[in-house]
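One structure below.
All residue numbers in this chain count up from 1 along the given sequence.
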Amino acid sequence: MKIKKILSLETLRGWACLLLVLNHLIGEPNISGLKLPENNDFYFFNLMLENVRMPLFAFLGGVIFSFRGVTSEQFFSMLKGKYFRLIIPLIFVGPIYLFIQAHTLGANQKIEITNITYYFSVIWESKFHFWFLQAMFLVFLFYGLSSFIKTTTQNKYIFALFTGIILCVFMPTEIYFFSLSGFFFLLPFFSLGCLLSSKRHSEEKLNIKLVTILLTLFAGLMLYKFLQLQSQSNFERNSLMGLVTGFVGCSLFYFAKIKIIPLVFIGKYSFSIYLYHVYFLVLSRMLLVYLGVQLTELNIVFGMFFGIFGPIAVEIVLSKSNYASRIFLGQKSTVKYAQKST
């Protein structure tokens, strides 16, 4: 069954991609990315959105997942599909990036390599942005296992939401093996997406009253975060306050039902952008370093352009080969299917 594209959701995918690329482009002060100082406005803006950025990806994953869900009979086929979608690209793409990151002039973070196994450790440890693939695989595994519980779908989503909140707030945040802490962090947002989408809000008209309430709450939370950052006592993403901020932000974006065609286009390539934007950020930095360009604004413009449209070009090229598409994109070739259907 092919799911009809909902433009507001595709817009959010595109928005999430912009936030993701900007995050890795800006990086950490004096450590990664553009290595901006802590008082830089771009870094401050990036930090303000940290409680919404990755939660939005997980939230949207939950929304889409709820359209089909999974039954106990579908457990193994679902897990197999997610393995090919998430883990296979991780196995082939991850080590390559770790090698480039360690040996390329202009890479956003210098890494000391003591053992060749470091390059392959991305497969079983949380490394760079690849943690998300492992964590999301665990989320799907959790939902697959919950399909064996004999209760209503909505009760399962509620159970997963509260389980996720407890795990996120109370479990350790530095369990790096297969990004287990990342799983604790993403589960509540994925579950919220499932729960809200199970009501089929995505197909309803704009609820101005609800959006106004959510906007007011989100503005208040952002003001509180701003004051926290000013006093250098920022709350952690895994804290209860971090969860509330993420919940309200994701809900606001979801119910706002904004439709922006350029973001819809970008959202179509969200998975490839997630996988490959870091390669093109490295390329952008190398070119600008070579040209002697140091202006922050130009670095951001070029970095965003390369980070968004580079991966789109990669998907267009790789999707023409079934083998390359499966290995490096985690999906079947769209070209092959188009030929078979004619």
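In this structure, Lys80 fails the cation-pi test against Phe84, since its NZ or CZ atom is not both closer than 6.0 Å to the six-membered ring centre and inside 45 degrees of the ring normal.
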Requested in this report: List the steps, then state whether ring-ring contact (aromatic ring centres under 6.0 Å, His included) holds for Phe190 with Phe142.
Outcome: CA-CA 11 Å; Phe190 185 93; Phe142 177 90; 9.5 Å; no
**Report entry** Worked check of ring-ring contact (aromatic ring centres under 6.0 Å, His included) between Phe189 and Phe247
**Finding:** CA-CA 7 Å; Phe189 298 103; Phe247 283 169; 5.2 Å; yes
Query raised in the report: Going through the checks in order, is the ring-ring contact (aromatic ring centres under 6.0 Å, His included) test met by Tyr279 and Tyr276?
Result: CA-CA 6 Å; Tyr279 294 90; Tyr276 292 104; 5.7 Å; yes
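Residue pairs meeting the ring pair (Phe, Tyr, Trp, His ring centres under 6.0 Å) criterion with at least one partner in residues 280-302, sequence neighbours excluded, are absent.
By the ring pair (Phe, Tyr, Trp, His ring centres under 6.0 Å) test, Phe162 pairs with no residue at all, sequence neighbours left out. With sequence neighbours excluded, the residues satisfying salt bridge (charged side-chain N to carboxylate O under 4.0 Å, His left out) with Glu125 are Lys127.
A donor-acceptor pair shorter than 3.5 Å cannot be found between the side chains of Thr296 and Asn299. One side chain, His24 or His277, offers a donor N or O that lies under 3.5 Å from an acceptor on the other. Residues Gln154 and Thr152 bring no donor and acceptor atom of their side chains to less than 3.5 Å of each other.
In this structure, the side chain of Arg85 does not engage the main chain of Phe137 through any donor-acceptor pair within 3.5 Å. Put simply, the side chain of Arg53 gets close to the backbone of Asn46: a donor and an acceptor are under 3.5 Å apart.
Considering Trp131, Tyr269, Phe132 in turn, Phe132 is the only one that fulfils the ring pair (Phe, Tyr, Trp, His ring centres under 6.0 Å) rule with Tyr274.
Salt-bridge annotation for Lys225 and Glu50: present, with a side-chain N of the basic residue lying under 4.0 Å from a carboxylate O of the acidic one.
The aromatic rings of Phe65 and Phe140 sit tilted relative to each other, their planes meeting at an angle between 30° and 60°.
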